[in-house]
2 protein chains.
Amino acid sequence: MGLSKTEIFTDKQNQIAQYAKVFGHPARVAILQYLYKLNACVCGDLVDEIGLAQPTISQHLKELKQLGLIKGNVEGTSVCYCIDADNWKRMKEVMSEFLNQDLNQNDCC
Amino acid sequence: MGLSKTEIFTDKQNQIAQYAKVFGHPARVAILQYLYKLNACVCGDLVDEIGLAQPTISQHLKELKQLGLIKGNVEGTSVCYCIDADNWKRMKEVMSEFLNQDLNQNDCC
DNA sequence: TTTATTCATTGCAATATTACGATTAACTTC
DNA sequence: GAAGTTAATCGTAATATTGCAATGAATAAA
C-alpha cells in the first residue's frame with residue numbers, strides 16, 4: 001500500500017520515524033553536512049555543491065524545512081538557508097534517547 | 001524515479017542514509033524498542049505486540065536483519081530475535097557523529 | 001502420519017518517493 | 001519597461017515502500 005499505519009504507534013515512535021525518514025536520503029544528509037561545514041548560511045551554491053538538478057534540491061530543502069531542521073530567508077534574488085539550531089537540538093534529544101537505549105539483555109541469540 | 005542517485009554521494013553519507021531509512025518507519029522503531037525493553041530475545045509475540053499482520057512484521061524484521069541491527073535464531077518452531085549489540089554500537093557511532101556536528105555558525109537567517 | 005503451529009516467501013494493490021524538464025514568481029539590473 | 005537571475009512549483013515518469021492474503025517450509029504434538 002505504501003501507506004504507513006501511523007495511528008497504531010505512539011507519538012514518540014512516529015516522531016522518531018519522521019526524523020529518521022528525512023535523514024534517509026543521502027542528498028539531505030549532504031545538504032545538512034554542507035550547511036554545518038560552512039560558518040554561515042548557504043545562499044545559492046547548493047545545486048553546484050550537491051550534484052542534483054535545481055528542482056530536486058529545492059524539493060529536498062522543502063522537506064528539511066517542513067520538519068524545521070533548516071530555515072530560510074529571502075535575500076534579494078537568492079534564498080539563504082541554515083540549520084535551525086533550536087530544532088536541531090530538539091531532534092537530537094529525541095533521536096539520542098532512541099539510539100542510546102540501554103542494552104541490559106542477555107545475548108541469547 | 002524513486003531511485004536515489006547514491007553514486008554521487010560519499011560512502012559515509014550513504015551509510016547514514018541507509019541506517020536512517022530503516023528507522024524511518026514507526027513499526028521498525030517499535031520493534032527495536034520492544035526488543036530493548038525485554039531483557040531477552042523475543043520469540044514469537046511480536047505480531048501481537050505490534051498491530052500489523054504477520055507477513056508485514058516479517059518483512060520489517062528482514063530489513064532490520066539485513067542491516068545487521070538484529071539477529072535471529074531458529075528455536076524449534078519459533079524464531080528468536082534480539083538486538084545485535086556490536087552492530088548497534090557501530091551504527092550509533094556513525095549516527096552520533098552526524099547528529100552531533102558542532103554548530104559554530106552565525107545564526108544569520 | 002496427520003494435524004497444528006510458527007514464521008518466511010510470493011504476489012499484488014495502493015501509495016510514496018525521487019528526479020527532472022518546463023514553467024512560474026520574484027526580484028535586479030540595464 | 002525588458003532582460004537576466006534565482007528558486008519555487010507543476011507535471012510526470014520511474015522506482016520504492018507498505019501492507020496483507022495466500023501459500024510454503026519446517027518443526028512439534030497428537
Side-chain angles (χ1 to χ4, degrees), chain A residues 1-9 13-14 17-32 34-35 41-67 70-82 109, chain B residues 1-9 13-14 16-31 34-35 41-67 70-82 109:
Chain A
M1 297 186 167
L3 175 59
S4 297
K5 284 194 163 179
T6 55
E7 71 277 8
I8 67 172
F9 301 105
Q13 287 164 342
N14 283 314
Q18 207 173 16
Y19 280 133
K21 203 172 194 174
V22 102
F23 297 140
H25 193 290
R28 291 190 289 266
V29 171
I31 289 172
L32 290 167
Y34 187 64
L35 286 179
C41 298
V42 169
C43 302
D45 54 351
L46 264 175
V47 175
D48 297 329
E49 185 65 22
I50 321 285
L52 294 169
Q54 180 264 324
T56 309
I57 298 288
S58 194
Q59 202 174 317
H60 284 308
L61 287 170
K62 191 179 172 187
E63 285 175 73
L64 290 169
K65 205 151 79 173
Q66 269 169 351
L67 253 191
I70 64 173
K71 49 187 176 180
N73 246 21
V74 179
E75 195 98 358
T77 55
S78 63
V79 179
C80 295
Y81 282 108
C82 64
C109 290
Chain B
M1 298 185 166
L3 175 59
S4 298
K5 284 194 163 179
T6 54
E7 71 278 7
I8 66 172
F9 301 105
Q13 287 164 343
N14 282 314
I16 293 168
Q18 206 173 18
Y19 280 133
K21 202 173 195 176
V22 103
F23 297 140
H25 193 289
R28 292 191 288 265
V29 170
I31 289 171
Y34 188 64
L35 287 179
C41 298
V42 169
C43 301
D45 54 351
L46 263 175
V47 175
D48 296 330
E49 186 64 21
I50 321 285
L52 293 169
Q54 180 265 323
T56 309
I57 298 288
S58 193
Q59 199 175 319
H60 285 307
L61 286 170
K62 192 180 172 186
E63 285 175 73
L64 291 169
K65 205 151 80 176
Q66 269 169 352
L67 253 191
I70 65 173
K71 48 187 175 180
N73 247 21
V74 179
E75 194 100 357
T77 55
S78 65
V79 178
C80 294
Y81 282 109
C82 65
C109 289

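In the text below, chain A, chain B and the rest are named by the order of the sequence lines, each starting its count at 1.
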Between [X] and [N], does any side-chain N or O lie under 4.0 Å from OP1 or OP2?
{"X": "A:Lys21", "N": "C:dT17", "value": "yes"}
{"X": "A:His25", "N": "C:dA19", "value": "yes"}
{"X": "B:His60", "N": "D:dT17", "value": "no"}
{"X": "A:Tyr81", "N": "D:dA8", "value": "yes"}
{"X": "B:Ser58", "N": "C:dA8", "value": "yes"}

Send over the distance from [X] [atom1] to [N] [atom2], rounded to a whole Å.
{"X": "A:Ile57", "N": "D:dT9", "atom1": "CD1", "atom2": "C1'", "answer": "16 Å"}
{"X": "A:Leu46", "N": "D:dT5", "atom1": "CG", "atom2": "P", "answer": "20 Å"}
{"X": "A:Asp48", "N": "D:dT5", "atom1": "CG", "atom2": "P", "answer": "14 Å"}
{"X": "A:Gln18", "N": "C:dA16", "atom1": "CD", "atom2": "C1'", "answer": "14 Å"}
{"X": "B:Lys71", "N": "C:dC7", "atom1": "NZ", "atom2": "C1'", "answer": "20 Å"}
{"X": "A:Gln66", "N": "D:dA8", "atom1": "CD", "atom2": "C1'", "answer": "13 Å"}
{"X": "B:Ile50", "N": "C:dC7", "atom1": "CD1", "atom2": "C1'", "answer": "16 Å"}
{"X": "B:Leu3", "N": "C:dT17", "atom1": "CG", "atom2": "C1'", "answer": "11 Å"}

Residues forming a salt bridge (Lys or Arg N to Asp or Glu O under 4.0 Å) with B:Glu63, sequence neighbours excluded: B:Arg28

Nearest-nucleotide comparison on DNA chain D, the residue closer to the 5′ end among A:Lys62 and B:Ser4: A:Lys62

Show each protein N/O and nucleotides 26-30 of chain D N/O combination with a separation under 3.5 Å, one pair to a line.
none

[atom1]/[X] to [atom2]/[Y] distance, rounded to the nearest 0.5 angstrom?
{"X": "A:Ile57", "Y": "A:Ile31", "atom1": "CD1", "atom2": "CD1", "result": "4.5 Å"}
{"X": "A:Glu49", "Y": "A:Leu35", "atom1": "CD", "atom2": "CG", "result": "10.0 Å"}
{"X": "B:His60", "Y": "B:Ile50", "atom1": "NE2", "atom2": "CD1", "result": "9.0 Å"}
{"X": "B:Leu46", "Y": "B:Tyr81", "atom1": "CG", "atom2": "OH", "result": "9.0 Å"}

Under 3.5 Å, N/O pairs linking protein and nucleotides 20-22 of chain C:
| residue | atom | partner | partner atom | Å |
| --- | --- | --- | --- | --- |
| C:dC20 | OP1 | B:Lys5 | NZ | 2.6 |
| C:dC20 | OP2 | A:Ala53 | N | 3.0 |
| C:dC20 | OP2 | A:Thr56 | OG1 | 3.2 |
| C:dC20 | N4 | A:Gln59 | OE1 | 3.3 |

Option from B:Asn14, B:Ile16, B:Ile8 for which side chain to side chain contact (heavy atoms under 4.5 Å, CB included) with A:Pro26 holds: B:Asn14

Sugar-phosphate, base or nothing in reach of A:Lys65, heavy atoms under 4.0 Å: nothing

Which residues share a side-chain hydrogen bond (donor to acceptor under 3.5 Å, both in side chains) with B:Gln59, sequence neighbours left out: none

side-chain hydrogen bond (donor to acceptor under 3.5 Å, both in side chains) partners for A:Gln54, two or more places apart: none

Listed once per pair and sorted, the salt bridge (charged side-chain N to carboxylate O under 4.0 Å, His left out) pairs that draw on residues 51-60 of chain A, sequence neighbours left out: none

Aromatic plane relationship, A:His25 with B:Phe9 - under 30° parallel, 30 to 60° tilted, over 60° perpendicular: perpendicular

